[in-house]
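Letters A, B, ... are given to chains in the order of the sequence lines, protein chains preceding strands, and every chain is numbered from 1. Note that this is a predicted model, so its numbers are computed, not measured.
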Amino acid sequence: MKISKKIVLLGQFGVGKSSLLRRFLENVFETDYKPTLGVQIKKKMLDLPSGDKLSMIIWDLEGFMAIAKARASYLLGSEGFIYVFDVTRPITYENLEQELDFIALKYNNVALQVIGNKCDLENHDIAKNHLEKKGIMVHSYVSAKTGEGVQEVFTDLAKKLSK
Amino acid sequence: MVKEEDKLQMLRDILLVDDRQVANAVNQRLDVITQTIEERAKLSEKVDPIIQEKLDEFVAEIPVTLGPTITKTLKKEIANSQDAVVEALYPIMGKMIKRYVQNEIKVLSETINKKVNNTFSLISLKRKMRARFTGVKESDLILAEANPPAINEVFLIQKGSGILLGNHSTTETVDKDMISGMLTAIKSFVEDAFTGGNQNLENIEYELYTIHIQNFYNFYIAVVVSGNYTRSFESQLENKLFKLSKKLSPSVSHLSREETDSFLEKFFKK
Ligand SMILES: Nc1nc2c(ncn2[C@@H]2O[C@H](COP(=O)(O)OP(=O)(O)OP(=O)(O)O)[C@@H](O)[C@H]2O)c(=O)[nH]1
Ligand SMILES: [Mg+2]
């Protein structure tokens, strides 16, 4: 059987949402920055252990300053969120607590994965310490550039959703 | 002591002399007034034409001398109350545009009717019969015949998520799941833009296609139509989709993608 699930990529401007998606789908990386306007929608078919097919319909949103400012209608009907921050820019994770509170309040049923990107550039200890102190669970620290950890970001979420 | 006689004199003075003086003064005044009136009449005879002339000159010069000031004031007034001006003009403009378009369509339809009248053939006879029996204007039939509307694709899409629940298409093209997501994003973007409440996007036109959108409770249906999307086709399609939703709504949430697809295929083959 074929199952479709909507997944949304969230996070501030330029944290690497589109780059992560391109790495996952096409296994490529580009250094120049082309901001996403509005939303871009992609699809990935995965074979599930049960023999079913899962088609992940992935909505790559334009960056925002806070999730409360994102277009709410784009978030409707989602089953998974991937919240991306940039380990090299504290501004992209300093308010994560409020962001996650907002998600817990408004999108209680949506599976959520928090991802730290651009690990190739800087040691991610600063970000990690900061977030651990606040008790925020980060799924993984990855790099769209090297590809490290990128597949798992999506496949782990797919596993969660197909349970 | 005042004598009796003096008293009488005084009384007479008060009563008569003063009286006469008053009468005199009044007479004098009357004379002055009469004179003034007469003089004014005489003057007016002479002056009136001059005033009239000046007045004419003044009126003729208003646009030149006062024009810029008036225009400036008006402009300022309009700028300061744009909403009010738009409010006032909108119905008039709307009517004008509507009338213009109606007229253009009438002209077009008349030209076609003329052509119809000039060409007499078996086909046009048939068409005439059809127009008579169906009540559809003959010219509309011609328009439709030239490029008949056809259903190319049907998308049954979950509201909100934009997940494709079912699809029927006569062509194998781009990824249907992505199209249905993008359509939903466009739809919600447009609908968000109208903050005035429950506005629904019902039509998208692109190049040679029209996408007809019809909303139901949990899903919406998008139909890609090629060819001439006429009013009569639109209402036929609407009725068809109402029928479809009646049949499908109770089971739509537990049908699989494949089941929905084959349901759509059967439904639109008919
Ligand atoms: N070094 C390095 N650069 C990255 C990485 N991921 C993304 N970038 C760069 O960061 C910039 C922004 O990446 P995007 O993927 O466009 O970011 P985005 O989050 O989609 O941005 P918006 O669509 O504007 O919200 C680009 O110049 C990328 O090349 C990474 O892992 N390492
Ligand atoms: Mg992007």
Who wins among A:Arg71, A:Met1, A:Glu79 for the most heavy-atom pairs under 4.5 Å with chain B? A:Arg71
Look at the aromatic rings of A:Phe81 and A:Tyr107 and report parallel, tilted or perpendicular, splitting at 30° and 60°. perpendicular
Describe, in one word, how the ring planes of A:Phe24 and A:Phe154 are oriented to each other, choosing from parallel (under 30°), tilted (30 to 60°) and perpendicular (over 60°).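 Because their plane-to-plane angle is under 30°, the rings of A:Phe24 and A:Phe154 count as parallel.
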For chain A, which candidate among B:Asp177, B:Thr184, B:Leu165 shows the most heavy-atom pairs at distances under 4.5 Å?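 Greatest number of close heavy-atom pairs with chain A: B:Asp177.
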What option among B:Ser256, B:Ser180, B:Gly160 has the most heavy-atom pairs under 4.5 Å with chain A?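 It is B:Gly160.
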Which atoms of A:Ser4 approach chain B - backbone, side chain, both or neither, heavy atom under 4.5 Å: both
Proximity breakdown for A:Ile41 and chain B, heavy-atom pairs closer than 4.5 Å: both
Give me the atom names and distance for the closest heavy-atom approach of A:Val142 to A:Gly149. CG1-O, 3.6 Å
Residue pair A:Pro35 / A:Glu62, side-chain heavy-atom distance below 4.5 Å: no
Separation of B:His254 NE2 from B:Thr260 OG1 (nearest 0.5 Å): 10.0 Å
